Amino acid sequence: VQLQASGGGLVQAGGSLRLSCAASGRTLSALSGNVMAWFRQAPGKEREFVAGIQGSGGRTYVADSMKGRFTISGDSAMNTVFLQMNSLKPEDTAVYYCSVAESKSLISTSWQYYDFWGQGTLVTVSS
């Protein structure tokens, strides 16, 4: 599976960005049976769970610190997953990674749970 993340950039505090993660490859048709998630990693910090979505059923989970500001969604085929980020803060500055947990149905906040990773897209929020 190849994951291509995009949509990052520079935004002022209070602004919004929408990240996209397009999946392709051998399991493209089976992504509905997987879990996709976004993580982020700021300089000098550990990788942090942001949000996840079940391919089957569409259940979502957003980390507590981002609830109410971030929303995860996917297209009907779960080939592309989106992360809508509103009311951005300088502390949201990080590289954002999308990931896939193959043939899994539960959303985990642990990065070790996920099998495939995109290259990351940088989000910078200025104060």
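This structure is a prediction, so every number in the text was calculated from the model and none was measured.
- Expressed to the nearest 0.5 Å, how far CG of L122 lies from CG of L10 amounts to 9.0 Å.
- The stretch residues 34-67 participates, sequence neighbours left out, in these ring-ring contact (aromatic ring centres under 6.0 Å, His included) pairs: F39-F49, F39-Y114, F39-W117, F49-Y61.
- Identified under the salt bridge (Lys or Arg N to Asp or Glu O under 4.0 Å) test for residues 117-127, with sequence neighbours left out: none.
- Considering every non-hydrogen atom in both I53 and G74, the closest pair reads CD1-N, 3.8 Å.
- Of all heavy-atom pairs between A51 and V62, the closest is CB-CG2, 4.0 Å.
- Within the 4.5 Å cutoff, the side chain of C98 has no heavy atoms near those of the M36 side chain.
- Contacts classified as salt bridge (Lys or Arg N to Asp or Glu O under 4.0 Å) and involving residues 46-56 (residues at least two apart or in different chains) are given here: R40-E48.
- Here D64 pairs with K67 in a salt bridge; the nearest charged N to carboxylate O distance falls below 4.0 Å.
- Between S103 and N34, some side-chain heavy-atom pair lies under the 4.5 Å cut-off.
- Under the rule for a side chain to side chain donor-acceptor pair (under 3.5 Å), Q119 has no partner lying at least two apart in sequence or in another chain.
- I72 places none of its side-chain heavy atoms less than 4.5 Å from the side chain of F70.
- The salt bridge (Lys or Arg N to Asp or Glu O under 4.0 Å) contacts involving residues 106-127 comprise K104-D115, where partners must be two or more places apart or lie in separate chains.
- Considering every non-hydrogen atom in both S16 and N86, the closest pair reads OG-OD1, 2.9 Å.
- In this structure, R18 has no salt bridge (Lys or Arg N to Asp or Glu O under 4.0 Å) partners at least two apart in sequence or on a different chain.
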